[in-house]
Amino acid sequence: MSFRIASWNINSVRARIGIVERLLREQAPDVLCLQETKCEDALFPHASFAAMGYPHVYPAGQRMHHGVAIVSKVALTPNNRFDWQDNGEARHVGVRLPNGVLLENVYVPAGGDIPDRTVNPKFGQKLDFLGRMTRWSEGLREPSIVLGDFNIAPLPEDVWDHKALLDVVSHTPVEVETLAALQSSHGWADLGRLFVPPPARLYTWWSYRAADWAASNRGRRLDHVWCSPEVRGSARAVTTLVAARGWEKPSDHVPLIADFDF
DNA sequence: ATGGTGGAGCGTCCA
């Protein structure tokens with residue numbers, strides 16, 4: 001058996017329902033985890049997903065900003081909605097898969113522009129979010145997958161220019177250290193890098209502000225799929241669907257697709 | 001040099 005889980009920061013699920021349908025048609029994941037849905041739950045386009053064979057929707061949205069959702073071919077068990085931001089923002093939804101594995105869909109805050117919590121509270125919130133995730137992770141006792149937009153590119157090979165981005169939020173040493181503490185708190189396996197180890201470059205995001213994203217290729221690996229030690233042996237492949245950055249009216253993130261043998 | 005783009009929804013905020 002093969003179980004396919006996709007993760008995608010969609011930057012408005014309503015504005016981009018067309019390319020969501022394209023992903024479902026072409027990649028046929030069993031489960032799709034979305035971030036930045038940008039709509040409250042009552043406005044989530046359930047009918048579009050049902051028509052594509054995904055009638056099971058577990059949204060955690062809010063008006064205008066942020067928002068996550070899990071959609072699925074088969075029924076899942078709602079499990080939790082953590083507020084790791086501690087301010088009510090919709091940035092997490094968790095379910096239990098049919099095989100019992102927990103799936104946690106996370107949208108880590110971007111953190112603003114200035115990497116200093118004394119002048120930019122959003123940067124502190126980002127680090128504190130990861131701190132709360134770490135305390136959750138330390139107490140976790142069940143096989144789990146945690147994935148989504150982590151808004152941090154941890155490795156030098158996860159950005160187009162390591163030195164140029166050391167002071168840029170998403171690649172600063174304190175963010176990388178904080179993410180490493182989260183990863184080591186439960187022995188999380190970084191599946192993206194399990195299948196595409198350094199020194200290969202690997203990106204999941206390209207800014208809208210480039211004249212030609214493909215030509216300049218100034219990408220960052222902000223999206224991640226991690227699994228707990230019990231699940232690692234079931235992982236078969238992880239794909240970053242780079243071509244989706246060139247689809248019509250694209251998201252600035254591309255889908256991550258993980259295949260498991262369960 | 002402090003840009004550049006995009007979505008939500010009508011001010012700017014968020015990314």
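So that the names make sense, note that chain A is the first sequence line, chain B the second, and so on, each numbered from 1. Values below: every heavy atom of this structure, side chains too, minus hydrogens, waters and symmetry copies. Because the structure is a prediction, the values reported are computed rather than measured.
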Trainee: Take A/E36 and A/A210, find for each the nucleotide of DNA chain B with the closest heavy atom, and name the residue whose nucleotide sits nearer the 5' end.
Mentor: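 The 5'-side residue here is A/A210.
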Trainee: What is the distance, rounded to the nearest whole Å, between atom CH2 of A/W8 and atom C1' of B/dA15?
Mentor: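 From A/W8 CH2 to B/dA15 C1': 17 Å.
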Trainee: Within less than 4.0 Å of OP1 or OP2 of B/dA8, is there a side-chain N or O belonging to A/H66?
Mentor: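 For B/dA8, OP1/OP2 do not have a side-chain N/O of A/H66 under 4.0 Å.
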Trainee: Can you name the nearest heavy-atom pair linking A/L102 to A/E142, along with the distance?
Mentor: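 Scanning both residues, the minimum pair turns out to be CD1-OE2, 3.7 Å.
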Trainee: Check every strand shown and say whether A/R220 touches a base, only sugar-phosphate, or nothing at a heavy-atom separation below 4.0 Å.
Mentor: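 The answer is nothing, as A/R220 stays clear of every strand by at least 4.0 Å.
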Trainee: Expressed in angstrom and rounded to an integer, what is the separation of A/I10 atom CD1 from B/dG6 atom P?
Mentor: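 The distance from CD1 of A/I10 to P of B/dG6 comes to 15 Å, rounded to the nearest Å.
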Trainee: Parallel, tilted or perpendicular: which fits the ring planes of A/H66 and A/Y107, with parallel below 30° and perpendicular above 60°?
Mentor: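 Tilted: the ring planes of A/H66 and A/Y107 meet at 30° to 60°.
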Trainee: Using the P atom on both, measure B/dG3 against B/dC13 and round to a whole Å.
Mentor: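 Taking atom P in both B/dG3 and B/dC13, they lie 15 Å apart.
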Trainee: Verify the contact: side-chain N or O of A/K249 to OP1 or OP2 of B/dG6, cut-off strictly under 4.0 Å; return yes or no.
Mentor: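 So the side-chain polar atoms of A/K249 never come under 4.0 Å of the phosphate oxygens OP1 or OP2 of B/dG6.
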Trainee: Rounded to the Å, how far apart are A/F44 CZ and B/dA8 P?
Mentor: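 Roughly 13 Å, once rounded to whole Å.
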Trainee: Taking the same atom, C1', in B/dG9 and in B/dC14, what whole-Å distance lies between them?
Mentor: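 The same atom, C1', in both gives a distance of 13 Å.
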Trainee: Would you kindly give the CD-to-P distance between A/E40 and B/dA8, to the nearest whole Å?
Mentor: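 To the nearest whole Å, that distance equals 13 Å.
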Trainee: In terms of relative ring orientation, are A/W84 and A/F129 parallel, tilted or perpendicular, with 30° and 60° separating the classes?
Mentor: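 Rings of A/W84 and A/F129: perpendicular, over 60°.
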Trainee: With a 4.0 Å limit, can you tell me whether A/R209 has a side-chain N or O closer than that to the phosphate oxygens OP1/OP2 of B/dG6?
Mentor: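 Checking B/dG6 against A/R209, no side-chain N or O comes under 4.0 Å of OP1 or OP2.
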Trainee: Under a 4.0 Å threshold between the charged nitrogen and the carboxylate oxygen, would A/R4 count as salt-bridged to A/D30?
Mentor: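 Answer for the salt bridge query: no.
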Trainee: If I take atom CG in residue A/N11 and atom P in nucleotide B/dG6, what distance separates them, rounded to the nearest angstrom?
Mentor: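 Roughly 10 Å, once rounded to whole Å.
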Trainee: Roughly, in whole Å, what's the span from CD in A/E89 to P in B/dC14?
Mentor: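 Distance check: A/E89 CD to B/dC14 P gives 8 Å.
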Trainee: Strictly below 4.0 Å, N to O, side chains only: are A/R81 and A/D41 in salt-bridge contact?
Mentor: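 Salt bridge: yes.
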Trainee: I want to check one thing: is the phosphate of B/dC10, taken as OP1 and OP2, less than 4.0 Å away from some side-chain N or O of A/R63?
Mentor: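 For B/dC10, OP1 or OP2 has a side-chain N or O of A/R63 closer than 4.0 Å.
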Trainee: Identify whether the distance between the nearest side-chain nitrogen and carboxylate oxygen of A/D158 and A/R221 falls below 4.0 Å.
Mentor: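 Counted as a salt bridge, because a side-chain N and a carboxylate O are separated by less than 4.0 Å.
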Trainee: Taking the side chain of A/Y208 as its heavy atoms from C-beta onward, which of B/dA15, B/dA8, B/dG6 lies nearest to it?
Mentor: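 Among B/dA15, B/dA8, B/dG6, the one nearest the side chain of A/Y208 is B/dG6.
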Trainee: Using the P atom as the point on both nucleotides, what is the distance between B/dA1 and B/dT12, in whole Å?
Mentor: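 Result for the P pair: 28 Å, nearest Å.
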Trainee: Counting side-chain heavy atoms from CB outward, which of B/dG4, B/dG7, B/dG9 is closest to A/R14?
Mentor: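 Side chain of A/R14 sits closest to B/dG9.
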Trainee: Can you tell me how far P of B/dC14 sits from CD of A/Q85, to the nearest Å?
Mentor: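 Rounded to the whole Å, the gap is 11 Å.
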Trainee: For the pair made of CG in A/N120 and P in B/dA15, what is the distance, rounded to whole Å?
Mentor: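 From A/N120 CG to B/dA15 P: 10 Å.
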Trainee: Of all the choices, B/dT5, B/dC14, B/dA8, which nucleotide is nearest to the side chain of A/H65 once you look at every atom?
Mentor: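 Nearest nucleotide to the side chain: B/dC14.
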Trainee: Taking the nucleotide of DNA chain B with the closest heavy atom to each, which residue, A/N9 or A/L43, is nearer the 5' end?
Mentor: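 Final value for this comparison: A/L43.
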